[in-house]
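This report refers to the structure that appears directly beneath it.
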Amino acid sequence: MQAWRVHRNGEPSEVMRLEETDRPTSGAGQVLIEVLAAGINFPDALLCRGQYQVRPPLPFTPGVEICGRTADGRRVLATPALPNGGFAEYVVADEAALLPAPDALDDAEAAALHIGYQTGWFGLHRRAQLQAGETLLVHAAAGGVGSAAVQLGKAAGATVIGVVGGSGKAKIATELGCDLVIDRRSEDIVATVKEATGGRGADVVYDPVGGDAYAKSVKCIAFEGRVVVVGFASGVIPTPALNHALVKNYSVLGLHWGLYNTKDPAAVRACHDELTRLAAQGVIKPLISERVELAEAAVAVQRVADGISTGRIVVLPTGAAR
């Protein structure tokens, strides 16, 4: 089969190589899956760079989420077992962790429902306890992770403020349903949020960016607000000033969704059932900005790494993206 392999760490476009390799072999409790679609996530870029919290042995295949088909014909969502990730024709995954692909979504949309929307749901509901009527501030609102949080925030009855970089991304965030969009390149995030909330600030901040985004967030967080730390796409890990959190009475909440797969898999399945219901109702629908063939995966991962993509880019089998 064909698979993208990384033999040394570096930028995705430089270190990913499309090679002929053997199909992975399923072990006890695992199942072989034909890949129908593989979503590109920022962790795929970090894996290539050797900067992710999990460092698979070299060589490895990136690709952390797929929609695929099992030998018995089931259409499923899976997180492939590294080092054999999803940018390949076949993967293996734990049978117990497979989730049924929602009928309301095509293969690309189904693949993109998995990590981004699970992360959004756990971040907003399990960690931040977002309530209807509250104000939610979402950074990188036009991206794969941010767009999911925008849709889930609206589904929860929140007023959603989206932060983006550039007019093109601002248009996308507006179309996603943001009540207010802030272009960080031309507008003052702190002043705009305070003005929009009558000086109160945002009740919940969803931050997959870190760096300056976090610094601005805690300057416009509401009393008893909650900042959900999802990732550091900016490349800068902020150092929270705990005295500031004390004085302003806000909480900083970490979220590593992958831990729920081992710590509370029942919660992951319950979340998937809820996401499937929302998708069937048309309340949420993954924003697929590009559908690329397997041969184009390295260039597409690099676009995600560089922060110039919107929504989710999905890799499809050869011939399927036409």
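For this chain, numbers begin at 1 and follow the sequence in order. Excluded from the calculations below are hydrogen atoms, water molecules and symmetry mates; all remaining heavy atoms, backbone and side chain alike, are included. Everything numeric in this text was worked out from a predicted model, so none of it was measured.
Asp44 contributes a side-chain N or O that, together with a main-chain N or O of Asn41, makes up a donor-acceptor pair within less than 3.5 Å. A donor-acceptor distance shorter than 3.5 angstrom exists from the side chain of Glu89 to the backbone of Gln2, with no hydrogens or angles considered.
For Asp107 and Arg75, the salt-bridge test passes: some basic side-chain N is under 4.0 Å from an acidic carboxylate O. A salt bridge is defined here as a Lys NZ or Arg NE, NH1 or NH2 lying under 4.0 Å from an Asp or Glu carboxylate O, and Asp183 with Lys169 fails to meet this definition. Looking at Arg312 and Glu65, a side-chain N of the basic residue comes within less than 4.0 Å of a carboxylate O on the acidic one, giving a salt bridge. Classification of Arg126 and Asp264 as a salt-bridged pair holds, one side-chain N sitting under 4.0 Å from a carboxylate O. With respect to Glu14 and Arg8, no salt bridge is recorded, no charged nitrogen being found less than 4.0 Å from a carboxylate O. One finds a salt bridge joining Asp212 and Lys216 here, because a Lys/Arg side-chain nitrogen approaches an Asp/Glu carboxylate oxygen to under 4.0 Å. At a threshold of 4.0 Å, the pair Glu224-Lys248 does not count as salt-bridged, since none of the basic side-chain nitrogens sits closer than that to a carboxylate oxygen.
Here the side chains of Leu99 and Val76 are not in contact, with every heavy-atom distance at 4.5 Å or above. Considering only heavy atoms from C-beta on, Glu34 stays 4.5 Å or farther from Arg23 through its side chain.
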**Message:** Using the rule given for ring pair (Phe, Tyr, Trp, His ring centres under 6.0 Å), can you reason through His272 versus Trp121, listing the C-alpha separation, both sets of side-chain angles and the distance that settles it, and then say yes or no?
**Reply:** CA-CA 9 Å; His272 181 68; Trp121 193 93; over 10 Å; no

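For the 3.5 Å distance criterion, the side chains of Gln151 and Tyr117 qualify, holding a donor opposite an acceptor. Side chains of His114 and Thr79: no donor on one and acceptor on the other come within 3.5 Å. At a cut-off of 3.5 Å, with distance as the only test, no side-chain donor of Gln131 or His125 sits close to an acceptor on the other residue.
Heavy-atom neighbours of Arg69 CZ from other residues, nucleotides or ligands within 6.0 Å: at or below the threshold of 12.
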